[in-house]
Amino acid sequence: MSVETMSQSLVWSPLTSTFKGSFQAKVLAADKQGYYVYQSSGRERTIDKFSYNNNLIYSHKLPLDDRSIDIEELVVEKNGVTAFFSIYSPSLKKHGLFYIYLPHQGEATTPATLYDQPLINSSARSRFKVVPRLDLSGYSLLHINENNAESLGLDVRFYDAALNAELRTNLFLPLEKTRYEVREVMHDPNHNLLLWLYVTDKDKRNSDPSKFYYKMVRVNRNTLELEEANLRDSVYFLNAVQPALDELNQKIKLVGFFSEKDRTTIAGSVIATVSLEPLQLDTIGLARFDMEFKTKLMGYKNANKNKELADYYIKDVVVRSDGGALLVAESNYQTTQTYVQYSQGFPIYREIIYYHYDEIVVVSVNSDGTVDWRQIIPKAQVSTQLSPYNSFISLATEKHLNLIFNEEGRSKNAVVMYRINTQGDVVPRIILSPETDDAAILQSDAAVVGPNAMLIPASKRKKKGLFRLTFETL
């Protein structure tokens with residue numbers, strides 16, 4: 001079935017299970033011929049490729065029989081795909097990362113080890129980040145070891161396209177007076193590794209904005225030379241700042257919120273520019289949200305009391321061609337309600353937690369920090385448990401930002417899309433109606449498969465499947 005609506009096409013494909021009975025499925029990637037799905041049932045696992053007509057192209061059963069194995073990354077290449085898996089098994093005293101090559105034709109290779117730590121001294125699983133180069137000429141691997149109380153261990157390794165080791169280095173960040181959190185891992189245009197760290201200075205008071213700051217570390221893939229650039233302020237708290245590569249201008253944009261009170265509230269937006277040669281902070285600009293905007297979000301009384309916004313979390317950052325950026329955030333918070341029941345005259349109290357996913361805020365910020373425009377997209381989702389059907393999908397095409405989410409009705413669901421153009425004009429649209437479709441999308445598992453297309457796992461009339469959403473170039 002294909003539905004044409006407002007310069008986009010939407011195609012539904014039922015999801016075929018490789019296994020009988022219960023299973024889990026996750027869309028990993030796609031190419032021009034079809035899409036790749038990771039499916040498992042207990043100890044059995046496959047990576048299947050389906051055409052967009054829902055025909056099975058091939059199915060590779062993976063030689064993995066341990067429940068402690070997780071898939072980390074899948075990279076689509078010209079003649080096949082490379083799948084990266086991690087294992088963490090205290091019972092086997094095994095911790096590592098390995099990969100399997102799955103050709104479009106022929107048999108899969110046997111698992112090959114990239115990282116192996118045979119002895120486990122902690123019950124905490126450390127983390128791996130696999131970062132492929134955009135031109136598929138190689139990979140960067142980061143192993144984050146948080147099991148040592150004295151230092152945060154970062155094992156950095158570089159590989160060529162055939163996954164032959166090139167160079168490696170180990171970084172040890174002391175934790176006696178400082179706490180580090182790896183927030184983002186990415187490449188610069190020359191395929192050097194960029195680490196985005198959130199840093200806490202333990203010696204400073206919580207009321208001191210300079211206690212919390214950000215650090216960008218670049219590891220040169222040819223020389224292993226390290227460079228650093230800090231984003232820190234002594235007057236304002238810098239909150240939820242995220243990096244994004246500005247490919248057109250060969251810069252890194254740092255976009256987030258700032259506060260005059262603490263690290264949990266929001267007074268306005270911040271944007272900073274980091275140059276790459278050398279790595280250094282060039283500019284930073286801040287802008288307070290105006291009274292009209294605050295009043296719409298928090299009401300007249302609270303806005304007039306000079307209160308700051310709270311419970312907004314950045315979900316996406318889109319770099320503009322002129323060096324500015326779009327900041328996309330969502331209102332997330334929890335409420336509780338207590339119910340009382342009586343049994344044989346005695347009260348029994350039951351507390352229920354409600355998870356709220358409310359309005360989306362989009363702020364277009366110029367490169368100097370001034371606000372070009374801002375919009376509020378109405379949304380109200382609530383559930384009594386964490387649900388993949390809540391929140392939203394954000395996809396930037398050439399001239400629009402597209403926001404897609406479920407809208408619950410009394411008995412059936414609709415899926416709506418808000419399109420925002422470069423001037424901030426908003427056009428809402430129902431793309432899946434409750435009368436004809438009764439579908440709900442899983443935002444957390446959606447995968448962008450091209451500059452104007454994405455795959456969205458969904459349920460339609462209680463059947464699992466995928467929507468392929470393609471936007472026409474306007």
Side-chain angles (χ1 to χ4, degrees), residues 1-16 25-38 48-57 74-78 81 104 134 136 247 315-321 326 328 360 362 377 388-389 391-407 413-422 425-461 463-474:
M1 182 198 72
S2 179
V3 180
E4 293 291 333
T5 55
M6 193 187 164
S7 71
Q8 81 269 340
S9 65
L10 195 63
V11 180
W12 166 258
S13 298
L15 186 61
T16 303
K26 182 175 179 60
V27 178
L28 300 175
D31 55 26
K32 293 181 179 179
Q33 289 73 41
Y35 57 91
Y36 302 85
V37 179
Y38 174 63
D48 305 320
K49 184 175 184 180
F50 294 91
S51 71
Y52 293 113
N53 294 325
N54 203 38
N55 295 319
L56 180 66
I57 298 175
L74 183 132
V75 179
V76 179
E77 302 165 27
K78 182 179 180 180
V81 296
H104 293 324
L134 289 178
L136 300 181
E247 295 185 61
K315 297 301 179 72
D316 195 13
V317 170
V318 180
V319 177
R320 301 183 339 199
S321 59
L326 299 182
V328 187
I360 303 168
V362 183
I377 306 301
Y389 293 100
S391 195
F392 67 99
I393 299 169
S394 173
L395 174 65
T397 50
E398 185 178 0
K399 297 181 180 180
H400 294 88
L401 177 68
N402 306 279
L403 305 174
I404 307 162
F405 53 88
N406 294 312
E407 188 171 76
N413 296 314
V415 178
V416 299
M417 178 175 68
Y418 284 74
R419 300 199 81 186
I420 309 176
N421 66 16
T422 54
D425 302 316
V426 181
V427 177
R429 194 78 168 187
I430 295 176
I431 60 174
L432 292 169
S433 69
E435 293 78 17
T436 59
D437 299 296
D438 189 22
I441 59 175
L442 285 81
Q443 285 86 182
S444 58
D445 289 339
V448 176
V449 296
N452 295 299
M454 69 188 323
L455 290 175
I456 308 173
S459 64
K460 182 178 178 181
R461 300 190 186 100
K463 293 183 179 180
K464 294 182 179 180
L466 295 169
F467 284 107
R468 187 186 185 205
L469 180 62
T470 304
F471 294 90
E472 298 177 8
T473 303
L474 302 179

Report task. Test side-chain contact (heavy atoms from CB on, under 4.5 Å) on Thr397 and Arg419 and set out the steps. Result -> CA-CA 10 Å; Thr397 50; Arg419 300 199 81 186; 3.8 Å; yes
Report task. Decide yes or no on side-chain contact (heavy atoms from CB on, under 4.5 Å) for Val415 and Phe467, but give the supporting numbers first. Result -> CA-CA 11 Å; Val415 178; Phe467 284 107; over 6 Å; no
Requested in this report: Before giving the answer on side-chain contact (heavy atoms from CB on, under 4.5 Å), spell out for Leu10 and Trp12 the whole-Å C-alpha distance, their side-chain angles and the decisive distance to 0.1 Å.
Outcome: CA-CA 7 Å; Leu10 195 63; Trp12 166 258; over 6 Å; no
Query raised in the report: Run the side-chain contact (heavy atoms from CB on, under 4.5 Å) check on Glu398 and Phe471 step by step: do they pass?
Result: CA-CA 10 Å; Glu398 185 178 0; Phe471 294 90; over 6 Å; no
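For Pro428 against Tyr418, the heavy-atom pair with the smallest separation is CB-CE2, 3.4 Å. Across Val27 and Ala447, no two heavy atoms sit closer than the pair CG1-CB, 4.3 Å. Between Ala458 and Leu442, the closest heavy-atom pair is CA-CD1, 3.7 Å. Across all their heavy atoms, Leu432 and Ala439 have their closest contact at CD1-CB, 4.1 Å. Taking all atoms of both residues into account, the shortest heavy-atom contact from Phe392 to Ile360 is CG-CD1, 3.6 Å. Nearest heavy-atom pair, Val76 versus Ala30, reported as atom, atom and distance to 0.1 Å: CG2-O, 4.2 Å.
The aromatic rings of Tyr35 and Tyr52 lie tilted to each other, with the angle between the two planes from 30° to 60°.
Here Asn452 contributes atom CG and Leu469 contributes atom CG; the two are 10.0 Å apart, rounded to the nearest 0.5 Å. Between atom NZ of residue Lys315 and atom OG of residue Ser394 there is a gap of 10.5 Å, rounded to the nearest 0.5 Å. Between the CG atom of Asp438 and the OG atom of Ser433 there is a distance of 9.5 Å, given to the nearest 0.5 Å. To the nearest 0.5 Å, atoms NZ (Lys399) and OG1 (Thr422) are separated by 8.5 Å. In this structure, CG in Leu136 is found 12.0 Å from NZ in Lys78, a value given to the nearest 0.5 Å.
A heavy-atom distance below 4.5 Å is found between the side chains of Lys49 and Asp31. Within the 4.5 Å cutoff, the side chain of Val81 has no heavy atoms near those of the Leu28 side chain.
No more than 12 heavy atoms of other residues, nucleotides or ligands sit less than 6.0 Å from atom CG of Leu134. Other residues, nucleotides and ligands contribute at most 12 non-hydrogen atoms within 6.0 Å of the CD atom of Glu247.
With sequence neighbours excluded, the residues forming a side-chain contact (heavy atoms from CB on, under 4.5 Å) with Ala440 are Tyr389, Asn406, Asn413, Ser459, listed by chain and number. With sequence neighbours excluded, no residue forms a ring pair (Phe, Tyr, Trp, His ring centres under 6.0 Å) with Tyr36. Residues passing the side-chain contact (heavy atoms from CB on, under 4.5 Å) test with Ala446, sequence neighbours excluded: Ile393, Met454, Ile456.
For the side-chain contact (heavy atoms from CB on, under 4.5 Å) test with Val328, the passing option among Val317, Leu401, Ile420 is Leu401; the others fail.
A donor-acceptor pair under 3.5 Å links the side-chain atoms of Asn402 to the main chain of Leu395, judged by distance alone.
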